[in-house]
Structures are given as structure tokens and as C-alpha cells.
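A quick note: this is a predicted structure, and the numbers were derived from the prediction, not measured. By convention in this document, chain letters (A, B, ...) are assigned in the order of the sequence lines, proteins followed by strands, and residues within each chain are numbered from 1.
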Amino acid sequence: MGNLNPIQILVDTVSVGGLYALTALGLGLIFSVMRLANFAHAELVTCAAYAVFALSGQPVAVAIVASVGTAMVLALATERLAFRPLRSADQTTMLIASFAVSMFIQKLLIFTVGSRPKPVDPLPILAQPIAIAGAQVSLLKLATILACIACLGALTYLLRRTSIGLHMRAAAEDFTMAQLVGVRANSVILAAFVLSGFLAAVVALLFVAQTGFVHPRLGVQIVLVGFVATVIGGLGSLPGAAAGGFLVGALATLLQALLPAELRPFREAFLFLIVILVLLFRPNGLWPAPGLKERV
Amino acid sequence: MKSIGGMAAALVLLGTVQGAHAADTVKIGMVMPLSGWFQPIDASTINGALLAVKEINAAGGVLGQQIEVETFDNKSEPLLGADGATQMVAEGVKAMIVPSDFDFGAPGAFVAQQNGIISFSGASDPKFGVAGIGNLAYSLSTAGQAQGALLAEWGFEDQGWKTAYVLLDNTISYTKTLCGSFTERWKELAGEEGILGEDTFLNGDPSIDAQVSRITGLGTKPDVVLLCSYAPGGPSAIRQLRSAGVDAPIITGESMDGDYWAGTVPGLSDFYVVNFGSLYGDDTDPAVADFYRRYEAEYGERADVSYAQRGYAMIEAWARAAEKAGSVEPAEVAAALDTFRDEPLVVGPTTFTPELHIATTRPMTILKAEAGKFSIVGKFSADEVELD
């Protein structure tokens, strides 16, 4: 077995954890204000990535702006066309609707651009290793960590220091009560969708810069794991979602790094065993939202 | 399964009544993914087969009969293959083509077998044949086990590599077979210490950081890295290996054939893939080079993977066997197919026996990528292949 450099493990762990934290946060934002587990978040990531692909060859700033725009517009469109008419319906209906939106966009992509993965390389300058204290670390991973910290910081500022942030936190705690004291449901929900679209675009960019391709199912795997993360973090709690995302990503990387070779193919089994154990002891997640009632 | 079989049997009876077709045509079925996510994988297989039909018909057909193709779209859903095959049986086909993967091809092939009809696939799993489906199922591919053994022998003997690192994408059975057979053969050749390490990942993993770090942290650099994967996870893994500074040669099997993904790895170099022939115009076998020229002339674009040869060879093999047998009846064609000994097909000299309906020691082509451009290295075959 090769000897692993601790700095390398740390950078790997934090960069993967950060990517999942941003994904879980995008999901958590929507869940906290409207109790919707939005499976179509995966397609926000996918479509943002396709926007980068469509504009490859253009200046990278154009591609980035376009991908952020695409994800935000798509997020708003799904809210307006699919979720707003169902806002008074129960959670299960909305969940099924989000599946339908997800499937629809996925099949539409296969139909229009085909299911073959397409190569894309938005940030070639980041694809080189640099040495830090004897460890070979790719520049991209450092950029990923920085981008995650920046996003978390900006989001925290927005939620704590601005009036829309205050409204969102109020809505997350008790939506009906917030409405009664004058918080406008539509603007809060739209803001949540815009922010989740933005986070999806950031995830998409970091993801394609790492993997180098786009594909109609690109967002599915990462968003699925993101869901698990929001659940163990504590559904409805934003810090919980971010921490849960980080924890799951970091755990997956650590298990891969530290498990003996014979057990590594079962990494996922170990990961989800830990998830089950967490939920057995903390059924509401590690950092549950204060407004969420105990499930019976 | 029973009810499907029953239904199929009922439809056969129906088929024999309805299927009174003109004597100057013979029907071949195509139960293939014409839409959905599997579609691009078999697109060139289908094109290859249709080109063969066109050429054979232009040359007078099979035993004086023109080949008529009936198609069914399985919509990339494996189980719809059974419905498609049932429909083909009702149409009175004499043979059918099913998708190039055991899981996708088997549902249709089982129905074909139950109804006494030949099925062809490009599946690289020997179960697609006598052992798994039955005596009427034939694969035009080379067994995955043979591809692993071939890569090991070529790497050790021709390239002089002594140490290997094995990176397995644990998602599909082909990749497990490829890595498994390579490792087994490599240990026979280079000894236990010839494998510096083994690791696994999943095709959908957003990052293989930990796996890459394990390789960069090795005390001795491996002479070669075997990567058993497919697009998109496979190319992405190479990208991550290269950007972390792993510059050892990377070798892989047919599942990473084609250059449609090459842009994923900037300046892809020192990369070797085993497949059925070079579609880049430089194949050393004039028959293969000519085949790709005809393909491009017919479809106005280059084939994107070498599965086109397998598709062509399915129709070629069937027609050749029918001519030998003097009949298009499945039992007689199958008997003639089983006598193939290094039969020159566009996919290479092919041998079928009553026990084995897939190639093992048939030569395969190794291609090399340098600065993103593929070119042929040569044709090689495995000496020793163990099918489990």
C-alpha cells in the first residue's frame, strides 16, 4: 500500500466535502422555505454544465456568467411552472412533481443533445499540480476549497445581514407565521430558487473543471448524495445541510483513502452504514432545524 | 418469464400463419436501442450491419434472396428487448441482432433461443453464447477475459513493462472481467510483486482524489496503469490522474474505444486502447481500412467506435453461413456457423465451435493516443485465455 501524504488527504477531503456542502446547501435552501425535496436540482447542475459546454471556446467569464444565468432562469422557471401551482398541495405531491421535472429535463437533454458524454475544459489553467510541503496538490482543488469558502461566507452574510435573508430565515422557521407578520411568500421562495440556482452553477463549474465532461445525468449522483447529506445534517436547517454535505463528502474520501484494499469496493456500504447509525441515534439529523417537529 | 415464453410461443404460431412472405426475401430482425441513453453506444453497430445488408443485397442477396430488415426500438430498456424479439418472431425473421451488452442483449436473445431463431450480439461476455443463452446465440466480440490477458501479454512482452497499477471502475461487469483477467495473467508473467497496487472507484464518482493520491504516493512509480472503465467516468479518471502528475502509460479495453471523449483529457498522450480495428484510416489490414472508407462514404461521417466492424460482421457471418448451409433456416445456419475456423470476417478471423460462440485468441488492434490523436500500434492476440 502506498503511503498517503496527510496534507494530500486533507486537501482531497476538504475539496470533495466542500463540493457536497454547496450541493446540500442548494437543496437545503428550497427545503427550508417550502418543504420541497427538489430532485430537479440535479438538472440545474446539469444544464449549467451544458451552458459551459455550449460556450466552450468563448472567454471563460462569458461561459461562467451564462451558466449561472442558465441555472437561475431554469430554477425560476421550474418554480413558476411546476412548483407554484402545487404550493398548497402536500409534500408528497411536490416531491413527485420534482421527480417529474427532473426526468423531463433529463430526457429532453438526451433527445436534443444526445446521451454521449461531451468533453469540456473550462478552466485549463487549474489543471496542474503544485507542491505544498511535499504533497502534490492540484490547483483546481485549492480553487474548489476557496470557492466553497467564498460561497458559504457570502450566503451567511446574505442570510444574517440583509432583509431578504431575514425573511428567508423567518420563513424557514415558520412559514405561516412569517407570512402573518408581512413576509411575502413569493419573494422569499423566488429568492431561495435563485440562490439554489446560483449554487448549482458553482457546483457545475467546479464539477466539470474536475471531471472534464458533460452528460445528461451529470448532476444526478452528486445531488442524490447531497440529499443524504441534508437528511443527516438535519432537514430544514441550513448550517445542518452545509455541515452534512461536508461530512458525507469528507467521509467518502476518507473511507476511500483509509480502508484496506479488500474493503474499498464496499466504500458506499460503509458510508451508508454510518448514515444509518447517525439517523438511528439522531432521527432528526445532527443539527435539526428548530421549527421541525419530531416525526411520529 | 414463463408467461413471456408462453406468449412468445403463441405468437410463433401466429407468425407462421401470418408470416407467409415472398420467397425472394429473407427477414433479419434488429432489436436495438434506436433511442435513449444506450443509443450512441450501438449506433455504429447498427450502421455497420445496415451497410452489410446493403452490400450483400447489391451483390445479389443470400442464396438469391434479398435481405429485408425489420427494426424494433428497445428505447434503451433491456426488458423491452424481449417484447421486440417476440414481435420479430411474429414477423418471421430468421435471425436477429440484439444490443452489444449481455444485460441489454440477453432478454431478446432468450426469446430468440426459445423460438429457434439465431441471435447476434457484440457482447464481450462469453455467457452470450452456448453457456448462458443457448446454442443459437453468437457474439462477434472478443471475450473480455481475452482482452485482459492480451493487454497483460502485450504490456509485459512487447512493451517490457514490469510493474502495473490496476484501477477498476467497479460499476459494470465488463470492467471487472477486464481488470480481473489482466491481473491474473500479469501475475503469471511478472510475479505477485508485478502488481504495485489495486484500487476501485465508481463511474459516477465526482472525484477520484483519494485513488489518485494513492498512486502519486507510491514509493515506486508503476510502469503502466491499467484503467478498466468507460465514458464518462473513465476519461474523467485519466484527466484527474494526468493533472495530478501521473504520467505513466495508461492502457484499457474496448469500452473506451473511440475519440469522441478525448477532449476530456487535454493533450491525451501515452494512452493505449485495445479494440477491433483502427477507424482513423491507418489500419494495417486493408480489408478493415477499406471497410471504414465504405462506411464513411455511406454515412457521410467516420464511425465513432470500432463496434461498426462487429455490426457488419454479424450480417457477414450470417450470410456466409447461410451460403455454406444452402439454407436460411436457423438450425442449418447455426450448424454452418459452428464450422467457422478462422473465417475471414471484417472483425478478424473468427472461429465458432459447438461449445464456444465468442472469439478468444483472435487478433485485436491496439491503438495509441499522442497529443489527442489516435493511430494504430499493431494487431496482437492473447496466447492464453482462461474463461471462468
Exercise. Could you tell me whether the side chain of B/Thr264 and the main chain of A/Gly212 form a donor-acceptor pair under 3.5 Å?
Key: yes
Quiz prompt | Contact winner vs chain A - B/Ala43, B/Gly233, B/Ser236, heavy-atom pairs under 4.5 Å | solution = B/Ser236
Practice problem: Would you mind checking which part of A/Arg267 comes under 4.5 Å of any heavy atom in chain B, side chain (CB onward), backbone (N, CA, C, O), both or neither? | Solution: side chain
Quiz prompt | Among B/Ala262, B/Ala244, B/Gly245, residue most engaged with chain A (heavy-atom pairs, under 4.5 Å) | solution = B/Ala244
Quiz item: OG of B/Ser207 to CG of A/Leu19: how many Å apart, nearest 0.5 Å?
Solution: 8.5 Å
Quiz item: Does atom CZ of A/Arg217 have more than 12 heavy-atom neighbours from other groups under 6.0 Å away?
Solution: no
Practice problem: Please report the C-alpha distance between B/Asn170 and A/Glu268 in whole Å, then the side-chain angles of each, then the deciding distance to 0.1 Å, and finally whether the side chain to side chain contact (heavy atoms under 4.5 Å, CB included) criterion is met. | Solution: CA-CA 11 Å; B/Asn170 212 5; A/Glu268 243 69 5; over 6 Å; no
Quiz item: Which atom pair, heavy atoms only, marks the closest approach of A/Gln210 to B/Gln240?
Solution: NE2-OE1, 3.0 Å
Quiz item: Stepwise, does the side chain to side chain contact (heavy atoms under 4.5 Å, CB included) test hold for B/Gln39 with A/Ile110?
Solution: CA-CA 10 Å; B/Gln39 180 270 333; A/Ile110 291 181; over 6 Å; no
Practice problem: Nearest 0.5 Å please: distance from the CG atom of B/Asp205 over to the CD1 atom of A/Ile222. | Solution: 10.5 Å
Quiz item: Is it the backbone or the side chain of B/Asp199 that comes under 4.5 Å from a heavy atom of chain A, or both, or neither?
Solution: both
Self-check item: Test log, rule side chain to side chain contact (heavy atoms under 4.5 Å, CB included), inputs B/Arg239 and A/Asp121
Solution: CA-CA 10 Å; B/Arg239 176 188 174 87; A/Asp121 194 11; 2.7 Å; yes
Quiz prompt | Close approach to chain B in residues 39-50 of chain A, criterion heavy atom under 4.5 Å | solution = none
Self-check item: chain B contact via A/Ser15 - which portion, at a heavy-atom distance below 4.5 Å
Solution: side chain
Quiz item: Where does A/Lys107 contact chain B at under 4.5 Å (heavy atoms): side chain, backbone, both or neither?
Solution: neither
Quiz item: Does any heavy atom of chain A fall under 4.5 Å from the side chain of B/Trp37, the backbone, both, or neither of them?
Solution: both
Quiz prompt | Heavy-atom proximity to chain B below 4.5 Å, by part of A/Phe111 | solution = neither
Quiz prompt | Rounded distance [0.5 Å steps], OG in B/Ser213 versus CD1 in A/Ile7 | solution = 12.0 Å
Self-check item: Proximal component of B/Ala231, with respect to chain A [non-hydrogen, under 4.5 Å]
Solution: both
Quiz item: If you look at every heavy atom in A/Thr211 and B/Pro206, which pair is closest and at what distance?
Solution: CG2-O, 3.4 Å
Exercise. Can you tell which part of A/Pro265 gets under 4.5 Å to a heavy atom of chain B, answering side chain, backbone, both or neither?
Key: both
Quiz item: Where is the tightest heavy-atom contact between B/Val305 and A/Arg116, given as atom of each residue plus distance?
Solution: CG1-NH2, 4.3 Å
Quiz item: For A/Val214, is it the side chain, the backbone, both, or neither that has a heavy atom closer than 4.5 Å to a heavy atom of chain B?
Solution: neither
Quiz item: What are the two closest heavy atoms between A/Ser115 and B/Gly36, and how far apart are they?
Solution: OG-O, 3.7 Å
Quiz item: Do you know which of B/Pro232, B/Ala237, B/Ser243, B/Gly263 has the most heavy-atom pairs with chain A at a distance under 4.5 angstrom?
Solution: B/Pro232
Quiz item: How far does NZ of A/Lys118 sit from OH of B/Tyr260, to the nearest 0.5 angstrom?
Solution: 10.5 Å
Quiz prompt | Heavy-atom closest contact (A/Pro119 atom, B/Trp261 atom, distance) | solution = CB-O, 4.1 Å
Practice problem: Decide yes or no for B/Leu202 and A/Gln221: does some side-chain heavy atom of the first lie under 4.5 Å from some side-chain heavy atom of the second? | Solution: no
Practice problem: Check whether more than 12 heavy atoms from other residues, nucleotides or ligands sit under 6.0 Å from atom CZ of A/Phe272, and answer yes or no. | Solution: yes
Quiz item: Do B/Asp209 and A/Gln256 have side-chain atoms, one donor and one acceptor, less than 3.5 Å apart?
Solution: no
Exercise. Return the minimal non-hydrogen interatomic distance between A/Ala257 and B/Arg214, and the atom names on each side.
Key: O-NH2, 3.0 Å
Exercise. Would you indicate whether A/Phe198, at its atom CZ, is surrounded by more than 12 heavy atoms from other residues, nucleotides or ligands within a distance under 6.0 Å?
Key: no
